[in-house]
Amino acid sequence: MSRWQELAGGSSGQDYAARFAALARGGQDVHGEARFCAALVPVGARVLDAGCGTGRVMIRLAELGYDCVGVDLDASMLAVARQQAPELPWFQADLATFEPDRLGIAADFALVVAAGNIFPLLSAGTEATVVERLAAALCPGGLLVAGFGLDEAHLPVPPGITLPEYDDCCAAAGLTLVDRFATWDAGPYDGGGYAVSVHRR
């Protein structure tokens, strides 16, 4: 069982979506991840939202003209995503066993995004496997973008994977660090408790 399943119990989709809807109504920007990704690849590029949840990031990227696919293990989150954007391709799959061809998906994504603390919420010990699976879904030169918390202030669970450990996983999967930021607004990373990392295949 993943840390996310232990935390949410597989029934948090509606609550998760409602929380971000409330933030949006309050005037907060809830599209930073999508804007960040859109600055990295041209409109029309194929994007995989790995751990897409309720689809907040992917739906916005699709609105901006990207060719998107969403994958998540949590059925309650995917139910919300499918309700909000039934025309988009949503797949239920474990990222640790994700094989695009078994789902009828071409493994030629220009960008894979893992937002929302995906890596700290994986099943312990699967992080390297997930990086390997996501890297394999990239086209040559494609980008893996992951943003996650590194300390208790930025996580709903005890801290898991560190940045050096994540970089080691990426290197083992044939990925090279391109840049790292402190926020999805591309603020410079200064060793804080949250990081957005960009690696290239």
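Checked by atom type and distance alone, the side chain of Asn117 never pairs as donor or acceptor with a backbone atom of Pro120 at under 3.5 Å. Within the 3.5 Å criterion, the main-chain N or O of Gly192 finds a donor-acceptor partner in the side chain of Tyr189. No side-chain donor-acceptor contact under 3.5 Å links Asp185 to the backbone of Gly187.
Distance check: Arg82 CZ to Met77 CE gives 13.0 Å after rounding to the nearest 0.5 Å. Atom SG in Cys37 sits 9.0 Å away from atom CG in Leu143 (nearest 0.5 Å). Here the CG-CD1 distance, from Asp72 to Ile118, works out to 6.5 Å after rounding to the nearest 0.5 Å.
Classification of the His154-Tyr194 ring pair by plane angle, with boundaries at 30° and 60°, yields tilted. A tilted orientation is assigned to the rings of Phe148 and Phe119, their planes being inclined by 30° to 60°.
Between Glu33 and Arg60, none of the side-chain N atoms (NZ, or NE/NH1/NH2) sits under 4.0 Å from a carboxylate O, so this pair counts as no salt bridge.
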Go through the steps to decide whether Leu48 and Leu134 satisfy the test side chain to side chain contact (heavy atoms under 4.5 Å, CB included), and finish with yes or no.
CA-CA 9 Å; Leu48 173 66; Leu134 298 182; 4.3 Å; yes
Before you tell me yes or no, could you show the steps for Arg180 and Val196 under side chain to side chain contact (heavy atoms under 4.5 Å, CB included), namely the whole-Å CA-CA distance, both residues' side-chain angles and the distance that decides it to 0.1 Å?
CA-CA 6 Å; Arg180 176 163 286 141; Val196 180; over 6 Å; no
So Phe91 and Phe98, ring pair (Phe, Tyr, Trp, His ring centres under 6.0 Å) or not? Walk me through it.
CA-CA 10 Å; Phe91 294 91; Phe98 174 58; 8.5 Å; no
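Using a 4.5 Å cut-off on side-chain heavy atoms (C-beta onward), Leu73 and Leu95 make no contact.
The hydrophobic clustering, which links ILVMFWY residues whose side-chain heavy atoms are closer than 4.5 Å, places Leu64 and Trp184 together.
Cluster note: Leu155 groups with no other residue, as no ILVMFWY side-chain heavy atom lies under 4.5 Å from it.
Other residues, nucleotides and ligands place more than 12 heavy atoms under 6.0 Å from the CD atom of Glu165.
A pairwise comparison of heavy atoms in Met58 and Leu88 identifies CE-CB, 3.8 Å as the closest pair.
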